[in-house]
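Here's the structure, in structure tokens; my notes come after.
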2 protein chains.
Amino acid sequence: MKLMSYNEVFRPRKGKEMGEVKLFWTWSSPYAQRIAWALKLKGVEYETMYEDLGNKSCLLLQYNPIHKKVPVLLHNETPICESLVILEYVDETWNSTARLLPNNPLARANVRFWAKFNDDQVLPSAFQAYVTQGAEQEKAKELTLEKLGIVEKQLIGKKFFGGETVGFLDLVFGWIAVYLEIVEETSSVKLLDKERFPLITAWTENFSQVPVVAETWPDREKLISKYRYMRQYFMSTAAASH
Amino acid sequence: MKLMSYNEVFRPRKGKEMGEVKLFWTWSSPYAQRIAWALKLKGVEYETMYEDLGNKSCLLLQYNPIHKKVPVLLHNETPICESLVILEYVDETWNSTARLLPNNPLARANVRFWAKFNDDQVLPSAFQAYVTQGAEQEKAKELTLEKLGIVEKQLIGKKFFGGETVGFLDLVFGWIAVYLEIVEETSSVKLLDKERFPLITAWTENFSQVPVVAETWPDREKLISKYRYMRQYFMSTAAASH
């Protein structure tokens, strides 16, 4: 992997002046969506490489041989994988615009802690509620509600997780605004109760009005259809492996 | 959580001038060990708070209520949790000495990618080989060998994962040098084959000679005894939950 020099990367440029940027993604992936938001917030021009996860491209397998997953960010032909890693890379590389991570090391540690908590615990438990039914779903639902209760507390006194403006954590938790309602609809499970989670509910509203989020909001009917299909697929795969 | 200002944190000071530092840890934990190495590499004076994980202290539960785990770094009474998050915090806070992460954003992304790969895949698969037996252990062993094969390739042409000197990734993969042989001995499973992994084997030798690593190397007999005990505990817990 050829690395650019520090000075080369850190000259304050953006968009195509910084070299070619391509994003391998799938429109229905919460992990890919957060990178699209970050690039748009930073004003970075990029080319979208659409991936069909049922029939992955040779390029995706070449650029992410370890995980074989989207998103992959390709910057000047060099791939960067894992969505939280990509988010930090985007923030450090296109650093002449507003930063996604705060400057203070303690605040940064706080953001990284909650981002990991989301990816390790909140999102996976909601995914479990999405692909199960009956008693198993009830258990996953309770776990998700418990995790969302912890997330709720992080919004006390704040409009966004980042404070007054959207930051790193808003992009990480962004799936709650866009996809949780789709999970509820397709899996007949109630997760985002307005009474129980008033702060997350208010944040969902605020987040959905952020221009780059509103502009890229996926079509609801298309999402419902895709998520219904994926649910069947995941449930049959799980049944087959038992 | 009271945050210090950016300037306050970034004045180049170290040790006690930067405020009080305490590390909640257990001597046999690979996750806690990497923080001790980092603090010692940075020359940060700290107080060790010994935790008995069979009887966790009120302070540990107070400072890490989400995960209730070591390590926790307490800096001026503010807790930082999750070992990779702590490593980045240590590197950003005590930044007047050699940095653990490289400066180049692409190289940093690379380090973060492999650190996550270790924590999500390599270490958990070795842990599985440690707490199983028979066919289940054989499966975990094969998976661990596969993951170690991927790690091996990251050392081509290098003395350390960080290049000529120890860096972030060496601390993250450090458990391979200290604990893998203990796992092999206590679980009767061969993982670090010298013929198969010559580069990891050479790195293990180099890493063990780094002064802060050599000075803090845990007593082998004590480790064997502790790891034998923990193996019995984990296996009986797993059996009870089936």
Side-chain angles (χ1 to χ4, degrees), chain A residues 1-10 18-19 64-67 72-73 75-95 99 101-117 119-122 146-147 149-151 153-154 156 163, chain B residues 1-10 18-19 64-67 72-73 75-95 99 101-117 119-122 146-147 149-151 153-154 156 163:
Chain A
M1 180 162 92
K2 190 183 166 289
L3 300 179
M4 287 175 289
S5 75
Y6 180 77
N7 288 337
E8 195 183 347
V9 174
F10 266 80
M18 284 286 289
N64 191 0
I66 305 294
H67 304 300
V72 173
L73 188 77
H75 187 194
N76 292 321
E77 297 300 317
T78 303
I80 300 114
C81 304
E82 293 283 9
S83 70
L84 294 184
V85 175
I86 299 173
L87 277 185
E88 293 229 28
Y89 177 79
V90 167
D91 199 32
E92 291 176 357
T93 302
W94 291 277
N95 61 348
R99 298 300 292 260
L101 273 171
N103 277 324
N104 178 303
L106 205 49
R108 293 162 73 85
N110 201 41
V111 166
R112 290 185 179 121
F113 175 88
W114 290 112
K116 184 169 163 53
F117 179 72
D119 280 20
D120 288 355
Q121 303 207 10
V122 195
E146 184 193 317
K147 306 296 177 194
I150 295 171
V151 174
K153 288 186 190 148
Q154 306 314 310
I156 292 171
Chain B
M1 181 161 91
K2 191 182 165 289
L3 300 179
M4 287 174 289
S5 75
Y6 180 78
N7 288 337
E8 196 182 345
V9 174
F10 266 79
M18 285 285 290
N64 191 0
I66 305 293
H67 303 300
V72 173
L73 187 77
H75 188 194
N76 292 320
E77 297 300 316
T78 303
I80 300 113
C81 305
E82 292 284 9
S83 71
L84 294 184
V85 174
I86 299 173
L87 278 186
E88 293 229 28
Y89 177 79
V90 167
D91 200 32
E92 291 175 357
T93 302
W94 291 277
N95 62 348
R99 299 299 293 259
L101 273 171
N103 277 324
N104 178 305
L106 204 49
R108 292 162 73 85
N110 201 41
V111 166
R112 291 185 180 120
F113 175 88
W114 290 111
K116 185 169 163 52
F117 178 72
D119 280 19
D120 288 355
Q121 303 207 10
V122 194
E146 184 194 317
K147 305 298 177 193
I150 296 171
V151 174
K153 288 186 191 147
Q154 306 314 311
I156 292 171

- Query: Is the closest basic N to carboxylate O distance between A:E92 and B:R112 below 4.0 Å?
  - Reply: yes
Kindly compute the distance separating [atom1] ([X]) from [atom2] ([Y]), expressed to the nearest 0.5 Å.
X	Y	atom1	atom2	value
B:N64	A:F113	CG	CZ	6.0 Å
A:L106	B:H75	CG	NE2	8.5 Å
A:I66	B:D120	CD1	CG	12.5 Å
B:L101	A:E88	CG	CD	9.0 Å

- Interchain contact, B:R108 with chain A, by part (heavy-atom threshold 4.5 Å):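 The side chain, not the backbone.
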- Message: With a 4.5 angstrom heavy-atom cut-off, is it the side chain or the backbone of B:I86 that approaches chain A, or both, or neither?
- Response: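 Contact with chain A: none, neither part.
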- Search all heavy atoms of A:P105 against all heavy atoms of B:Y89 and return the closest pair with its distance.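 Shortest heavy-atom contact: O-CD1, 3.5 Å.
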- Choice from B:I150, B:I80, B:L84, B:V85 maximising heavy atom contacts with chain A below 4.5 Å: B:V85
- Task: List in chain and number order the residues that pass side-chain hydrogen bond (donor to acceptor under 3.5 Å, both in side chains) with B:E82, two or more places apart in sequence or in another chain; answer none if no residue qualifies.
- Result: B:H67
